[in-house]
Amino acid sequence: MQGDVTITTPASAEYVHILRVVLAGILAANDYTIDQIEDLKIAVSEAAAQLLAMPGGTTLSLGVEESNGDVRLRLTCDAAGQAWPPPDVERTFSWQVLSALADEVHFRRAQGDAVLELTSRRSGGN
């Protein structure tokens, strides 16, 4: 994959399938396995659900970057002013799901946006 790909949609569950389809296309074009693609599509759905649970967001973005055999996904929502990351995030069911599907999971704030970053190693570290 050459460079980063970012897609931005309205912050609505109706658009999450678009993020999943774009991600699947990018990964398929870069020879990821069906299992890897499906795991990351599920991870995007779970991450998006977490971000969309915050009221007030108007956009949801998915950034995809491949580097040295790792794929990094960065989901961002512009819901400024909301508590992020969620309290005790590492004890939540969502964290467990995301941790099972990706090798690294990070919740953070960046320029007022809520960000959820996932890294998956092509070697299948899970």
Side-chain angles (χ1 to χ4, degrees):
M1 181 167 78
Q2 300 251 353
D4 298 348
V5 175
T6 302
I7 182 169
T8 301
T9 67
S12 171
E14 299 171 340
Y15 294 94
V16 173
H17 73 281
I18 294 170
L19 301 179
R20 290 171 42 103
V21 168
V22 169
L23 175 64
I26 291 168
L27 296 177
N30 286 281
D31 299 322
Y32 282 79
T33 67
I34 296 293
D35 288 340
Q36 290 168 321
I37 293 169
E38 289 303 316
D39 283 353
L40 290 175
K41 285 172 49 182
I42 293 167
V44 163
S45 293
E46 184 63 33
Q50 292 302 304
L51 291 166
L52 293 174
M54 296 184 305
T58 60
T59 61
L60 178 65
S61 295
L62 170 65
V64 182
E65 172 189 349
E66 186 182 44
S67 175
N68 300 322
D70 295 350
V71 63
R72 290 184 181 87
L73 307 179
R74 184 183 57 261
L75 285 98
T76 306
C77 185
D78 64 346
Q82 301 299 317
W84 187 261
D88 297 325
V89 69
E90 293 183 10
R91 293 183 181 182
T92 64
F93 179 71
S94 179
W95 178 269
Q96 297 301 317
V97 170
L98 291 169
S99 294
L101 297 171
D103 294 298
E104 295 178 27
V105 180
H106 301 282
F107 290 76
R108 65 183 179 89
R109 276 271 184 200
Q111 300 171 339
D113 294 340
V115 179
L116 205 160
E117 294 175 319
L118 307 167
T119 301
S120 181
R121 292 181 187 82
R122 187 183 291 261
S123 62
N126 288 350

Show, in sequence, the C-alpha distance, side-chain angles and deciding distance for Gln36 and Leu27, and conclude whether the side chain to side chain contact (heavy atoms under 4.5 Å, CB included) test is met.
CA-CA 9 Å; Gln36 290 168 321; Leu27 296 177; over 6 Å; no
Quick one, Val16 with Leu52, criterion side chain to side chain contact (heavy atoms under 4.5 Å, CB included). Give me CA distance, side-chain angles, the key distance, then yes/no.
CA-CA 10 Å; Val16 173; Leu52 293 174; 3.9 Å; yes
Would you check, one step at a time, whether the test side chain to side chain contact (heavy atoms under 4.5 Å, CB included) holds for Leu19 with Leu60?
CA-CA 9 Å; Leu19 301 179; Leu60 178 65; 3.7 Å; yes
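Both Ile18 and Leu118 are part of a single hydrophobic cluster, where members link through side-chain heavy atoms under 4.5 Å apart. Taking hydrophobic clusters as Ile, Leu, Val, Met, Phe, Trp and Tyr residues chained together by side-chain heavy-atom distances below 4.5 Å, Val115 does not share a cluster with Leu62.
Between Tyr32 and Val71 the shortest heavy-atom distance is OH-CB, 3.7 Å. Looking at every heavy atom in both residues, Ala114 comes nearest to Met54 through CB-CE, 3.3 Å. Contact record, Ala47 with Leu98: N-CD2, 4.1 Å, taken as the closest heavy-atom pair. When every heavy atom of Gly57 is checked against every heavy atom of Ala11, the shortest pair comes out as O-CB, 3.4 Å. Counting all heavy atoms, side chain and backbone alike, Ser120 lies closest to Leu40 at CB-CD2, 3.8 Å.
Within the structure, side-chain hydrogen bond (donor to acceptor under 3.5 Å, both in side chains) contacts touching residues 6-26 (residues at least two apart or in different chains) are Thr8-Ser61, Arg20-Ser45.
Qualifying side-chain hydrogen bond (donor to acceptor under 3.5 Å, both in side chains) partners for Thr58, counting only residues two or more places apart in sequence or in other chains: Asp78. With sequence neighbours excluded, the residues satisfying ring-ring contact (aromatic ring centres under 6.0 Å, His included) with Phe107 are Trp84, Trp95. For Thr92, the side-chain hydrogen bond (donor to acceptor under 3.5 Å, both in side chains) criterion is met by no residue, not counting sequence neighbours. With sequence neighbours left out, the side chain to side chain contact (heavy atoms under 4.5 Å, CB included) criterion links His106 to Glu104, Glu117. Under the side-chain hydrogen bond (donor to acceptor under 3.5 Å, both in side chains) criterion, Glu38 pairs with Lys41, sequence neighbours left out. Residues that satisfy the side chain to side chain contact (heavy atoms under 4.5 Å, CB included) test with Ala29, not counting sequence neighbours, are absent from this structure.
In this structure, CG on Asp39 lies 11.5 Å from CD1 on Ile34, to the nearest 0.5 angstrom. Atom CD of residue Gln96 and atom CD of residue Glu46 lie 11.0 Å apart, to the nearest 0.5 angstrom.
The closest donor-acceptor contact from the side chain of Asp113 to the backbone of Thr76 lies at 3.5 Å or more, if one exists at all.
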